[in-house]
Amino acid sequence: MCYKYATPKLEELIEYLGEQPEYTIEDYFHYYFADGFNHQFMPVTTSANNRLIEKAIWGLVPEYIEDSKQAKERADQNLNARSETIFSRPSYAPYISTQRCLAWASGFFEHHWDDAKGRSKTPYFIYSKDKQPFTFGGLYTNWVRPDTGEVFKTFSIITTEANHLLSEIHNNKQRMPLIIPESDRDTWLSNLSKEAITDLMKPLPDGLLSAHTISKLVTSRTEERNVPEVQDIYIPPKDTLF
DNA sequence: CCAGACGTTGTT
DNA sequence: GTCTGG
DNA sequence: CCAGACGTTGTT
DNA sequence: GTCTGG
């Protein structure tokens, strides 16, 4: 599932947060499209300061990693964290209880397999039905790059079972990113028991997300994907020979 | 996850 | 078909 | 014990 | 750093 998502424009986010933004925006990064494997800075809010939106690298790097090469390898592996096993995974167990975060998004990208063998795929853009910014639930830690002493905040996005919409799009019995609704954001970032955390790591109820098909630009290796068109509605032609 | 490679030799 | 790199 | 992993995702 | 597999 979620290896690609989009973030709101700064002005959209400020409008969403109100004229007197509830959150202080310290470092903001807007993407029409961001690929997890590029480990870009994304806008997140952490339990360390739940009124701030700051930059963090998507792909959690545990603190004991010793060099940038290993850090990149671990970040590649740690884009997503399964909610079902997060308390026992060595990479995540140290952080899930005390270092949770929210990653700000405007949508994410998934594929639908048009046939069982996956020969034909249709990409979708999925977003909040009200078209407002929303938040993925995640966990984070700070990693200090030894050669420079530079501190990077890094995070993983948690995954859960798919809800109905996502199981339709992403075919049966698959996954979806954990989405923390506005009403649970402060709770998610507060001091919680394991049981309370587990209770919040559930699929988003159906009816809150919308989706439409998009062009294959989203998976291009040669074209610039961080452009508005990557999210545009595109109806794939049907019953063509190719 | 998806796109692209999938190989070797006398080596820049 | 299957593996690797991003 | 020590070396090696430490992760996820559609494979049905 | 800590866990797992051999």
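Lettering of chains follows the sequences in order, A, B, ..., and the numbering in each one begins at 1. Keep in mind that the numbers below use all heavy atoms, side chains included, and drop hydrogens, waters and symmetry copies.
Residue A/A81 is in sugar-phosphate contact alone, with no base atom involved, counting any heavy-atom pair closer than 4.0 Å across all strands shown.
A/E229 is linked by a side-chain hydrogen bond (donor to acceptor under 3.5 Å, both in side chains) to nothing, counting only residues two or more places apart in sequence or in another chain. Listed by chain and number, the residues in a side-chain hydrogen bond (donor to acceptor under 3.5 Å, both in side chains) with A/N38 amount to none (sequence neighbours excluded).
Using a 4.0 Å cut-off between charged side-chain N and carboxylate O, A/D35 and A/R225 make a salt bridge. The residues A/D147 and A/R145 are annotated as salt-bridged, a charged nitrogen and a carboxylate oxygen being separated by less than 4.0 angstrom. Between A/E84 and A/R89 there is no salt bridge, since no side-chain nitrogen of the basic residue lies less than 4.0 Å from a carboxylate oxygen of the acidic one.
Of the candidates D/dG10, D/dT8, C/dG6, the closest approach to any side-chain atom of A/K72 belongs to C/dG6.
Rounded to a whole angstrom, the distance from the C1' atom of D/dC2 to that of B/dT12 is 42 Å. With both ends at atom P, the span from D/dG10 to B/dC1 equals 6 Å, rounded to whole Å. Atom P of B/dG7 sits at a distance of 15 Å from the matching atom of C/dT2, rounded to the whole Å. D/dC6 and B/dG4 have their C1' atoms separated by 28 Å, with the value rounded to a whole Å. Straight-line distance between the C1' atoms of B/dA3 and D/dT9: roughly 15 Å, to the nearest whole Å.
Near DNA chain B, meaning a heavy atom under 4.0 Å away, the residues from residues 213-227 of chain A are A/T219, A/R221. If you check residues 135-146 of chain A against DNA chain B, you find no residue with a heavy atom closer than 4.0 Å.
If you take CD1 of A/I157 and P of D/dG7, they are 17 Å apart, rounded to a whole angstrom. In this structure, the NE2 atom of A/H170 is 9 Å from the P atom of D/dT9, given to the nearest Å. C/dG6 atom P lies 15 Å from atom CD of A/Q40, rounded to whole Å. Protein atom CD of A/Q174 is 9 Å distant from nucleotide atom C1' of D/dT11, rounded to whole Å. Across the protein-nucleic acid pair, A/K69 atom NZ and C/dG5 atom C1' stand 13 Å apart, rounded to whole Å. When rounded to the nearest whole Å, the span between OH of A/Y3 and P of D/dG7 equals 13 Å. The distance between atom CD of A/E161 and atom C1' of D/dT9, rounded to the nearest whole Å, is 15 Å. The nearest whole Å value for the distance from the CG atom in A/N38 to the C1' atom in B/dC1 is 13 Å.
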- What's the verdict on side-chain hydrogen bond (donor to acceptor under 3.5 Å, both in side chains) for A/D114 and A/T122, showing C-alpha distance, side-chain angles and the deciding distance? CA-CA 7 Å; A/D114 301 317; A/T122 304; 2.9 Å; yes
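Contact check, A/S88 against E/dC3: no side-chain N or O comes under 4.0 Å of OP1 or OP2. Within the structure, every side-chain polar atom (N or O) of A/H111 is placed at least 4.0 Å from both OP1 and OP2 of D/dG10.
For the pair A/K55 and A/F29, the cation-pi test (distance below 6.0 Å, angle within 45°) is failed.
Side chains of A/R175 and A/T159: a donor-acceptor N/O pair is present below 3.5 angstrom, by distance only. Side chains of A/T45 and A/N50: no donor on one and acceptor on the other come within 3.5 Å.
Within the 4.5 Å cutoff, the side chain of A/D27 has no heavy atoms near those of the A/F41 side chain. With a 4.5 Å cut-off on side-chain heavy atoms, A/L209 and A/K129 do not count as touching.
Sorted by first and then second residue, the pairs that involve residues 206-216 of chain A and meet side-chain hydrogen bond (donor to acceptor under 3.5 Å, both in side chains), not counting sequence neighbours, are A/Y127-A/H212.
Across every strand in view, B/dT8 sits unpaired, with no contact that passes the Watson-Crick or G-U test at under 3.5 angstrom. Summarising the base pairing, C/dT4 is matched to B/dA3 through a Watson-Crick or G-U wobble pair whose two defining distances lie under 3.5 Å.
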Scan nucleotides 2-6 of chain D against the protein and return all N/O pairs shorter than 3.5 Å with their distances rounded to 0.1 Å.
unit_1: D/dC6; atom_1: O3'; unit_2: A/S91; atom_2: OG; d: 3.3
unit_1: D/dC6; atom_1: O2; unit_2: A/Y64; atom_2: OH; d: 3.4

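Between A/M201 and A/L178, the shortest heavy-atom contact is CA-CD1, 3.7 Å.
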